[in-house]
Structure formats: C-alpha cells, structure tokens
Amino acid sequence: MASSYTLSFIPLTVVVSRRSASSPSSSLIPPPSLLGKKLMVTQPSRRCFISKHRCLTSASTVFSVPTAQPENGSSDKIPKWSARAIKSLAMGELEARKLKYPTTGTEAILMGILVEGTSTAAKFLRGNGVTLFKVRDEIIKLLGKSDMYFFSPEHPPLTEPARKAVDWAVDEKKKSGVDGELTTAYLLLGVWSQKDSAGRQILEALGFNEDKAKQVAESMNEDVDLSFKKQGQ
C-alpha cells in the first residue's frame with residue numbers, strides 16, 4: 001500500500017499581485033517545488049516595494065516523498081529528515097531533469113548528494129575520489145544519453161530501486177533508536193543497499209566498497225550537529 005513521508009518545512013517566497021485597492025488580490029502560486037506536492041501559505045507579513053502593485057508573502061512548502069510501506073510495518077513515528085537530506089533528494093530530481101531522464105533513479109540520488117555537497121556523506125565521497133563529474137560520466141556510460149527532443153516531466157517519479165533506497169534509509173533510522181534527524185549518510189547507504197541499481201553499480205565502478213560503506217555507517221548521525229541553524233552560532 002502506497003504512503004507518503006512528509007519530510008520538513010522549507011521557507012520560500014511567493015509573489016502576490018494586487019490590481020487595485022478595491023479589487024480582490026490574486027495570489028500567483030508557482031508550480032510545486034521539486035519534491036513537494038502541497039503548498040501552505042501562511043498569513044503574510046507584506047513588504048511592498050511598489051505600492052498597491054506587488055508584495056512579498058511568506059510561505060512554506062511541505063516536501064513529500066512517495067514511498068512504499070516500510071518493510072518492518074512499524075507504526076512508529078517517521079523520523080525527521082535533515083535539511084541536507086531533503087536538499088539532496090531535491091537536487092537529485094533536478095539532475096535527472098538535466099539529463100532528460102524520465103525518472104529519478106538511485107544514480108540521480110547519488111548526484112543529488114554530491115550537488116548538495118556539504119554533508120558528511122558528500123565529503124566522504126569526494127575524499128575517496130567519487131566526484132560529481134565522474135558520476136555523471138559513469139551514468140552516461142551505463143544509461144546513455146536521452147534524445148535531444150525528449151523533455152523530462154516536471155517531477156520525474158522515483159524508480160522502484162530509488163523508492164526502496166528511501167525506504168531502507170527510513171527503516172534503518174527507525175531501527176537505530178538514535179534520536180535526531182535522518183541524514184544524507186542514510187540516503188547514501190540506501191543507494192548502496194540496492195545491489196542491482198545503477199547507483200550501486202556506479203559507486204562500485206568508482207571504487208566504493210563494503211569497507212567504505214562501513215566507514216560511512218559510523219558517521220550516519222553526524223549531520224545533525226551540522227544543521228543550518230547551528231552554522232551561524
């Protein structure tokens with residue numbers, strides 16, 4: 001049975017247009033964000049830069065990743081995702097669109113982790129020679145280039161291996177019993193857990209192995225201490 005994991009709230013700005021003081025305002029809501037399918041606009045605190053014409057409104061987007069039912073069937077609370085893990089998934093979808101692929105696979109999630117770039121997992125990959133450019137080259141070798149006239153959907157859906165990788169990450173975080181957020185390291189090891197996936201094959205081609213996976217596992221919860229809120233402290 002399909003379900004949806006709500007990940008987090010990310011602030012964004014929505015432009016609201018006012019035609020006149022007497023006519024009702026019309027909100028121009030942009031297309032849904034990369035992973036989100038729901039948009040919640042809060043009561044605005046307007047800062048007009050052109051009187052009676054355009055104002056800025058504060059809003060929040062709910063990122064939701066469609067996944068299958070977690071393997072353990074537990075009804076425990078779904079763990080909160082770190083900002084870096086959310087951004088990695090969002091960047092993965094964007095990278096799939098750049099390559100004009102119809103779906104977001106494990107290889108795209110791997111690219112997303114590297115594009116985000118600031119997580120412990122991304123730094124570990126780069127330190128071991130797994131860079132974004134090398135991953136892109138391996139993806140093209142393995143999956144080929146898309147037709148130049150083909151355009152990806154606005155939100156390329158997750159492939160089955162990618163869904164299982166996300167499910168694996170959620171399940172492992174719940175099983176760990178450790179408080180805190182689900183970090184990018186869980187996503188990376190989720191990709192590695194899918195043995196026949198493109199992401200796993202690319203990691204292997206670039207020298208990633210079980211020993212390195214164990215090293216990543218030792219720092220699975222470290223990104224919690226590197227949250228964006230604490231960087232300025």
Side-chain angles (χ1 to χ4, degrees), residues 1-17 25-42 44 54 56-69 78 80-119 122 132-133 135-140 142-167 169-170 182 184 187-188 190-191 194 197-199 202:
M1 179 179 179
S3 62
S4 178
Y5 293 147
T6 299
L7 304 185
S8 183
F9 289 88
I10 302 298
L12 52 80
T13 297
V14 178
V15 176
V16 178
S17 175
S25 62
S26 59
S27 299
L28 303 179
I29 304 300
S33 297
L34 292 174
L35 295 178
K37 293 185 179 179
K38 295 178 284 185
L39 182 68
M40 180 181 69
V41 180
T42 59
R54 304 183 73 187
L56 294 181
T57 301
S58 175
S60 298
T61 299
V62 182
F63 284 92
S64 298
V65 178
T67 63
Q69 186 70 20
I78 299 299
K80 180 181 178 182
W81 289 59
S82 71
R84 287 179 173 84
I86 295 170
K87 186 176 179 181
S88 294
L89 281 175
M91 291 299 100
E93 183 180 284
L94 181 59
E95 290 301 308
R97 292 186 65 190
K98 285 182 180 179
L99 291 175
K100 295 186 175 183
Y101 287 165
T103 55
T104 301
T106 52
E107 74 288 343
I109 295 176
L110 179 58
M111 283 194 294
I113 292 171
L114 290 166
V115 170
E116 190 282 326
T118 65
S119 66
L132 178 61
F133 295 110
V135 169
R136 280 179 179 155
D137 288 341
E138 291 296 328
I139 289 174
I140 293 174
L142 183 63
L143 303 178
K145 293 183 178 181
S146 179
D147 188 279
M148 63 179 297
Y149 298 107
F150 175 80
F151 293 94
S152 297
E154 183 178 359
H155 303 290
L158 293 175
T159 61
E160 188 63 25
R163 288 173 181 268
K164 289 181 178 179
V166 173
D167 284 339
V170 172
L182 188 154
T184 318
L187 276 182
L188 175 58
V191 171
Q194 304 305 305
S197 68
I202 290 166

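- You'll find the side chain of T184 stays beyond 4.5 Å of the side chain of L188, heavy atoms only.
- When all heavy atoms are compared, the tightest approach of A96 to T103 is CB-O, 3.6 Å.
- In this structure, the side chain of E116 engages the main chain of S119 through a donor-acceptor pair within 3.5 Å.
- Note: H155 NE2 to R97 CZ = 7.5 Å, rounded to the nearest 0.5 Å.
- Checked against I202 for a side-chain contact (heavy atoms from CB on, under 4.5 Å), the options L143, L110, D137 give a single hit: L110.
- Proximity of W81 to L187: side-chain heavy atoms (C-beta onward) are separated by under 4.5 Å at one or more points.
- At distances below 3.5 Å, at least one donor-acceptor pair connects side-chain atoms of T106 with backbone N or O atoms of G199.
- At least one side-chain heavy atom of R84 sits under 4.5 Å from a side-chain heavy atom of T118.
- Judged by distance alone, with hydrogens and angles left aside, the side-chain atoms of S152 form a donor-acceptor pair with the main-chain N or O of Y101 at under 3.5 Å.
- The two residues L158 and R163 come nearest to each other via the heavy atoms O-NE, 3.6 Å.
- Counting all heavy atoms, side chain and backbone alike, E93 lies closest to P156 at CG-CD, 3.5 Å.
- Considering all non-hydrogen atoms of both residues, P153 and P157 come closest at CG-CD, 4.4 Å.
- Other residues, nucleotides and ligands contribute more than 12 heavy atoms inside 6.0 Å of the CZ atom of F150.
- The shortest distance between side-chain heavy atoms of M91 and M111 does not fall below 4.5 Å.
- Across all non-hydrogen atoms, the minimal contact from P161 to S197 is CB-CB, 4.0 Å.
- The pair R136-E95 counts as a salt bridge, with a side-chain nitrogen and a carboxylate oxygen less than 4.0 angstrom apart.
- Looking at every heavy atom in both residues, L182 comes nearest to A85 through O-CB, 3.6 Å.
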